[in-house]
Engineer: 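My structure is below; once you've seen it, I'll send some questions.
For reference, positions follow the sequence shown, starting with 1.
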Amino acid sequence: MKTAIITDSTAYISKEEREKWNIRMIPLSVIINGETYREDIDLEAEEFFELVREHKALPTTSQPPIGQFVELFEELSKDYDAAIVITLSSGISGTYQNVVAAGNMVEGIDVRAFDSEISCMVQGFYAIEGAKMAQEERDVNDIMARLDEMMPSVRAYFMVDDLGHLQRGGRLSATQAIMGSLLQIKPLLHFVDKKIVPFEKIRTRKKALKRIYDLLGEDVKAKGPIRAVIIHANRPHEAEEILQELQQQFPTVEFSTSYFGAVIGTHLGEGAIGIGWYEK
């Protein structure tokens, strides 16, 4: 069986990695000062943060239209038996629902939508895992079963410099954002039931990072081999420093770095840092 693997742009898989594993990408969009940009096609992450600083306005985001998925599925049906689309969490975007709707409109290909219940390169882990199996021509049901198997071990924690982005974008309640701002805290955030919620309230950035390290350390001790990623919002040097520190602290873990692009950067703001992992 020949299966195509597709994900949306918020997985932030590099173009080189997508080409290596034959992963197709459908972009979400951001709207800045009336202009619409397709993430990672019309607008790279660094350019996005520059535009936000220039216009001093909170961008808005837009999910891919159903028609874009329909067109892709019809094209893939000529060469593929099945397609698996791994989307960002359905709790923060309607992309998953659009994939389901589009899949029901197309004949000749078995379309499966997989809700990662998360985003960024942690979402990308699912896509890469699925793509490796697809290259081995594994059955679509086997691939979906592996993605489901991964989910219980997936973890991701992140912190932001300004809770206002999450609050204005509707991803955090006004009360949570106001309390965080008043107390000058650096709350750790994570996904629960597909939505972004506070995990713990911590006073400083340094202590928040230390807490994530501790959480990773607990899983390193308790689980099998771990693959992890450090994710940054326009803070490449800080991400590299964290990478080096974690590699020394956890030499058995397979680490990489990634970034928060325009869409997720809209909600988290510049300076956000996250660390995610799963059991290989």
Side-chain angles (χ1 to χ4, degrees), residues 6-14 18 24-69 72 85-102 113-124 126-127 156 158-174 176-177 189-191 193-197 231-235 258-274 276:
I6 304 144
T7 193
D8 62 68
S9 58
T10 67
Y12 303 127
I13 304 171
S14 70
R18 294 199 307 268
R24 288 162 176 81
M25 185 270 280
I26 291 286
L28 278 75
S29 297
V30 291
I31 300 94
I32 305 172
N33 201 32
E35 292 287 329
T36 299
Y37 303 88
R38 293 170 300 169
E39 181 174 54
D40 278 358
I41 295 177
D42 305 319
L43 190 65
E44 299 294 333
E46 287 183 15
E47 298 171 307
F48 164 74
F49 289 112
E50 288 175 9
L51 279 175
V52 170
R53 286 194 300 270
E54 179 184 334
H55 294 292
K56 297 180 181 178
L58 184 70
T60 55
T61 61
S62 174
Q63 64 206 33
I66 292 176
Q68 195 169 355
F69 286 112
L72 176 61
V85 188
I86 294 134
T87 73
L88 76 164
S89 176
S90 61
I92 62 172
S93 170
T95 302
Y96 172 83
Q97 288 82 357
N98 279 3
V99 171
V100 172
F114 181 82
D115 183 353
S116 74
E117 301 188 6
I118 206 159
S119 189
C120 303
M121 190 57 204
V122 186
Q123 171 190 340
Y126 287 109
F158 49 98
M159 60 182 181
V160 299
D161 277 341
D162 180 6
L163 288 170
H165 292 275
L166 279 164
Q167 191 267 316
R168 290 193 295 272
R171 269 65 183 183
L172 204 64
S173 76
Q176 290 168 334
L189 306 170
H190 66 156
F191 279 84
D193 296 330
K194 307 178 185 181
K195 295 185 178 180
I196 299 170
V197 298
I231 312 168
H232 68 91
N234 209 29
R235 294 292 184 272
S258 186
Y259 60 93
F260 294 113
V263 169
I264 302 302
T266 291
H267 303 304
L268 300 186
E270 190 169 6
I273 291 285

Engineer: For G91 versus K195, what's the shortest heavy-atom pair and its separation?
Structural biologist: O-CG, 3.9 Å
Engineer: Would you say that E117 contacts D115 through its side chain, given a criterion of any heavy-atom pair below 4.5 Å between the two side chains?
Structural biologist: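 Yes, at least one pair of side-chain atoms sits under 4.5 Å.
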Engineer: For L88, does its backbone N or O pair with a side-chain atom of D8 as donor and acceptor, under 3.5 Å?
Structural biologist: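 Yes.
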Engineer: Between N98 (side chain) and P64 (backbone), is there a donor-acceptor pair under 3.5 Å?
Structural biologist: yes
Engineer: Are the side chain of S89 and the backbone of K194 linked by a donor-acceptor contact shorter than 3.5 Å?
Structural biologist: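 Such a contact is found between S89 side chain and K194 backbone.
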Engineer: With a 4.5 Å heavy-atom cut-off, do R53 and E270 have their side chains touching?
Structural biologist: yes
Engineer: Do Y126 and T7 touch side chain to side chain, with heavy atoms closer than 4.5 Å?
Structural biologist: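 No, every pair of side-chain atoms sits at 4.5 Å or beyond.
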Engineer: What residues, two or more places apart in sequence or in another chain, satisfy side-chain contact (heavy atoms from CB on, under 4.5 Å) together with N33?
Structural biologist: H55
Engineer: Please lay out, stage by stage, how I32 and L43 fare under the test side-chain contact (heavy atoms from CB on, under 4.5 Å).
Structural biologist: CA-CA 11 Å; I32 305 172; L43 190 65; 4.1 Å; yes
Engineer: Kindly indicate whether the side chain of C120, heavy atoms from C-beta on, has any atom under 4.5 Å from the side chain of V122.
Structural biologist: no
Engineer: Within the structure provided, determine whether M121 and I13 are in side-chain contact (heavy-atom separation under 4.5 Å).
Structural biologist: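 Heavy-atom side-chain distance check passes, below 4.5 Å.
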Engineer: State the CD1-CZ distance between I231 and F260, to the nearest 0.5 angstrom.
Structural biologist: 5.0 Å
Engineer: For the atom pair CG (D42) and CD (E35), what is the distance rounded to the nearest 0.5 Å?
Structural biologist: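 Between atom CG of D42 and atom CD of E35 there are 10.0 Å.
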Engineer: Nearest 0.5 Å, please: how far is OG1 in T10 from CD1 in I86?
Structural biologist: 11.5 Å
Engineer: When you compare the side chain of I26 with that of Q68, does any pair of heavy atoms fall below 4.5 Å?
Structural biologist: yes
Engineer: Indicate the atoms forming the closest heavy-atom contact of S9 with L28, along with that distance.
Structural biologist: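 Scanning both residues completely, I find the closest heavy atoms to be OG-N, 3.0 Å.
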Engineer: Verify side-chain contact (heavy atoms from CB on, under 4.5 Å) between V85 and F114, making sure each step is shown before the conclusion.
Structural biologist: CA-CA 6 Å; V85 188; F114 181 82; over 6 Å; no
Engineer: Can you find a heavy atom in the side chain of V197 that is under 4.5 Å from one in the side chain of H190?
Structural biologist: yes
Engineer: For E39 and Y12, what are the C-alpha separation, side-chain angles and deciding distance, and is it a side-chain contact (heavy atoms from CB on, under 4.5 Å)?
Structural biologist: CA-CA 10 Å; E39 181 174 54; Y12 303 127; 2.5 Å; yes
Engineer: Quick one: pull up CZ in F49 and CD in E54 and give me the separation to the nearest 0.5 Å.
Structural biologist: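 Reported to 0.5 Å precision, the distance equals 15.0 Å.
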Engineer: Is it true that, when you exclude E46 itself, more than 12 heavy atoms of the residues, nucleotides or ligands shown sit nearer than 6.0 Å to its CD?
Structural biologist: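 Check fails, neighbour count at 12 or below.
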Engineer: Can you tell me how far CZ of F191 sits from CD1 of I196, rounded to the nearest 0.5 angstrom?
Structural biologist: 4.0 Å
Engineer: Should S93 and T87 count as side-chain neighbours, where that means a heavy-atom distance under 4.5 Å?
Structural biologist: no
Engineer: So how far is it from E44 CD to Y259 OH, rounded to the nearest 0.5 Å?
Structural biologist: 6.5 Å
Engineer: Tell me the closest heavy-atom pair linking F48 and P59, and the distance in Å.
Structural biologist: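 That would be CE1-CG, 3.7 Å.
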